[in-house]
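Predicted model, so just to flag it, every value in this text is computed and none were measured. Counting starts at 1 for both ligands and their atoms, in listed order. We're numbering straight along the sequence, starting at 1.
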Amino acid sequence: MASTLPFDTRQLFIDGQWRDAASGETLTLENPSDGSALARIARGMSADIDAAVAAARRALDDGAWGRMSPTERGRVLSAMGRRVLEQVELLAQLEALDVGKPLKQGRADAIALARYLEFYGGAADKVHGETLPFQSGYTVLTLREPHGVTGHIVPWNYPMQIVGRSVGAALAMGNACVLKPAEEACLTVLAFARIAHEAGLPAGALNVVPGLGEEAGAALASHPGVAHLSFTGSVATGALVQAAAAKNTIPVTLELGGKSPQVVFADADLDAALPYLVNAGIQNAGQTCSAASRILVERSAYDAVLERMAARYRALRVGPALADLDVGPVISSRQHSIVSRYLELARDGASAGLRIAAQGEIVADAPSSGHYVRPTLVAGVPDTHVLAQEEIFGPVQVLMAFDSEADAVRIANGTPFGLVAGVWTRDGARQLRLARALKCGQVFINNYGAGGGVELPFGGVKRSGHGREKGFEALYGFSTLKTVAIQHG
Ligand code: NAD
């Protein structure tokens with residue numbers, strides 16, 4: 001399989017050059033659709049991170065990148081976006097092999113990556129400081145400046161989208177980036193580095209060091225030459241990264257997990273809601289930070305929603321990513337075991353009122369060595385149950401009934417997370433009350449996710465993290481403000 005890949009995957013990208021890891025060691029990527037060895041990638045370690053941070057620093061201090069005007073930076077980002085669009089099919093194929101993502105979902109991710117680059121390309125010369133009213137005899141102004149070298153640690157579930165939103169915004173503001181992709185899946189990140197280089201991104205502006213979290217990731221998080229960290233991943237690792245950032249007193253953006261609800265009132269347009277209710281739970285086999293893993297339904301509509309969601313679940317087909325069905329495999333045998341343990345809890349939960357309401361089917365020709373999980377809808381889940389509290393990160397949704405608006409808000413806010421929420425109701429006043437009452441970073445009324453919305457600031461509260469990426473807001477996070485006070489009499 002590795003021989004059919006379009007480029008040599010075994011090297012890391014530093015200072016505009018492809019090179020072996022300093023140790024010469026490599027790691028194996030697995031194809032989750034059949035468990036086979038897919039490719040080898042570099043096993044970057046602290047020496048490689050040192051080299052990458054030094055290259056990024058040089059790009060800022062002495063290189064073409066540091067000398068570029070915001071407009072020129074924007075043009076390079078736009079050119080990168082155009083090249084990504086030319087390679088959507090290749091990127092979707094790589095993502096299917098590497099992440100196990102059905103092709104249509106990989107295509108959507110590649111198009112989103114291009115959209116981030118277009119958006120941030122256009123924004124690069126539109127962020128500016130201000131002049132401030134002050135005492136007479138002074139002129140006071142503010143300057144928006146890059147942090148310097150930014151570190152980006154990304155997970156395996158949406159590499160293209162997450163790289164687009166964090167590296168895109170950081171480059172637009174004139175930072176130089178060191179990117180540590182996930183050891184489970186990083187082929188599209190390597191492909192992205194090639195695209196960036198071909199599109200004219202100067203050497204050192206983007207450096208990519210694959211490797212293990214506890215080696216390359218930890219080295220990047222604690223590196224004294226890094227001025228800002230953007231981390232997307234689990235809560236536990238996010239806490240480690242924040243602790244490492246604290247030692248160097250640098251800012252960190254944490255995009256962590258979720259247990260996001262969709263709240264369905266009895267007056268909702270169920271025909272409109274249904275596709276969103278299910279898709280937001282099974283997309284990428286449920287391995288989505290903003291997955292709508294909890295569906296809260298007003299009691300009078302509960303049976304109708306249950307019946308319609310169950311019918312949709314029974315029609316879901318699970319199989320190899322390249323077969324492009326509804327759902328692909330989960331990323332690894334480890335993830336398969338984690339999700340299977342939650343499904344056992346659902347099976348054993350009858351005494352607590354739990355019931356497996358419906359499951360999708362794994363197609364007969366799916367390789368037995370692939371990591372397939374049947375998408376599962378669990379009904380009657382008490383809001384304090386483990387299945388309603390913990391992030392499962394698999395194609396499992398729990399359905400819960402509520403009796404009043406206050407009850408809905410209490411249940412929706414009643415987990416340690418606060419990333420995203422959806423609300424379905426035709427009542428305009430209720431829409432506004434819920435939008436304010438829900439404790440999370442994004443609320444979607446009568447939709448869920450707004451089609452990705454690169455323009456829309458994204459991030460969490462509570463254990464879902466802090467800081468915002470996406471939209472214009474990210475440009476403020478990836479820059480710092482300097483105040484200049486000039487006394488001229
Ligand atoms: P993870 O935390 O295990 O890994 C994420 C990244 O951190 C990987 O690149 C990994 O190599 C690196 N890492 C691991 N240990 C490290 C360490 N000690 N120091 C520095 N880096 C280290 O997360 P995961 O299991 O790969 O990803 C799934 C999690 O990510 C889920 O909880 C999911 O909700 C979350 N996620 C959040 C968002 C969001 O935007 N909020 C998006 C996608 C995924």
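- Inclusion of Val235 in the set of residues having an N or O under 3.5 Å from an N or O of ligand 1 is not warranted.
- A salt bridge links Arg43 and Glu25; the closest N-O separation between the charged side-chain nitrogens and carboxylate oxygens is under 4.0 Å.
- For atom 23 (O) of ligand 1, the choice among Ser234, Gly465, Ala236 with the nearest heavy atom turns out to be Ser234.
- Here Glu183 has side-chain heavy atoms under 4.0 Å from ligand 1, and that is the only part of it that gets that close.
- Taking a 6.0 Å sphere around CZ of Arg334, one finds it holds 12 or fewer heavy atoms contributed by other residues, nucleotides or ligands.
- Each of the atoms 24 (P), 25 (O), 26 (O), 27 (O) of ligand 1 lies under 4.0 Å from some heavy atom of Trp156.
- Here atom 5 (C) of ligand 1 lies nearest to Thr232 when heavy atoms of Leu179, Thr232, Ile153 are compared.
- Considering backbone and side-chain atoms together, Leu256 places an N or O closer than 3.5 Å to an N or O of ligand 1.
- Shown here is Arg10, whose CZ atom has no more than 12 heavy atoms of other residues, nucleotides or ligands within 6.0 Å.
- No part of Glu184 comes within 4.0 Å of ligand 1, judged by heavy-atom distances.
- A cation-pi arrangement is present between Lys101 and Tyr158 under the rule of less than 6.0 angstrom and at most 45 degrees off the ring axis.
- Of all the heavy atoms of Asn157, the ones lying under 4.0 Å from any atom of ligand 1 belong exclusively to the side chain.
- The single protein non-hydrogen atom nearest to atom 34 (O) of ligand 1 is Glu391 OE2, 2.6 Å, given as residue, atom name and distance.
- A cation-pi arrangement is not found for Arg58 relative to Trp65, the charged atom failing to lie both closer than 6.0 Å to the ring centre and inside a 45° cone about the ring normal.
- When heavy-atom distances to ligand 1 are checked against a 4.0 Å cut-off, Tyr158 has no atom that comes that close, whether in backbone or side chain.
- Here is the list of ligand 1 atoms found below 4.0 Å of a heavy atom in Val154: 6 (C), 8 (C), 9 (O).
- Judged by distance alone, the side chains of Gln359 and Thr376 do bring a donor and an acceptor atom under 3.5 Å apart.
- Close approach to Gly257 involves these atoms of ligand 1, each under 4.0 Å from a residue heavy atom: 32 (O), 34 (O).
- Within the structure, ligand 1 has Pro181 among the residues with a heavy atom less than 4.0 angstrom away.
- Ring pair His371/His336 is tilted by interplanar angle, where 30° to 60° counts as tilted.
- Close approach of ligand 1 to Pro155 (heavy-atom distance below 4.0 Å) involves ligand atoms 26 (O), 27 (O), 43 (C), 44 (C).
- Residues Arg57 and Gly148 approach most closely at NH1-CA, 4.2 Å, considering heavy atoms.
- With ring centers used as reference points, Tyr448 lies 6.0 Å or more from Trp424.
- Within the 4.0 Å heavy-atom criterion, the part of Arg165 lying near ligand 1 is the side chain and not the backbone.
- Below 4.0 Å from some heavy atom of Ile162 lie the following atoms of ligand 1, by number and element: 42 (C), 43 (C).
- Of all the listed residues (Gly213, Gly217, Ser166), Gly213 holds the heavy atom that lies closest to atom 17 (C) of ligand 1.
- Annotation: Gln17, atom CD; neighbour count of heavy atoms from other residues, nucleotides and ligands within 6.0 Å does not exceed 12.
- A ring-centre distance under 6.0 Å is found for His228 and Phe478.
- At least one protein heavy atom sits closer than 4.0 Å to atom 26 (O) of ligand 1.
- Checking Leu419, Thr288, Thr253, Thr237 against atom 3 (O) of ligand 1, the nearest heavy atom belongs to Thr237.
- Heavy-atom proximity to Cys289, at under 4.0 Å, picks out these atoms of ligand 1: 34 (O), 36 (N), 37 (C), 38 (C), 39 (C), 40 (O), 41 (N), 42 (C), 43 (C), 44 (C).
- Atoms of ligand 1 lying under 4.0 Å from at least one heavy atom of Phe393, given by number and element, are 28 (C), 31 (C), 33 (C), 34 (O).
- Taking the charged nitrogens against the carboxylate oxygens, Arg83 and Glu198 do have a contact shorter than 4.0 Å, which makes a salt bridge.
- Residue nearest to atom 35 (C) of ligand 1, selected from Ala218, Pro159, Gly233: Gly233 (by heavy-atom distance).
- For Leu240, every heavy-atom contact with ligand 1 shorter than 4.0 Å involves the side chain, none the backbone.
- Side-chain rings of His197 and Phe13 approach one another, their centers coming within less than 6.0 Å.
- Taking a cut-off of under 4.0 Å to the non-hydrogen atoms of Phe231, the atoms of ligand 1 that pass are 2 (O), 6 (C), 7 (O).
- Geometric assessment of Lys259 against the ring of Phe417 yields a negative cation-pi assignment under the 6.0 Å and 45° thresholds.
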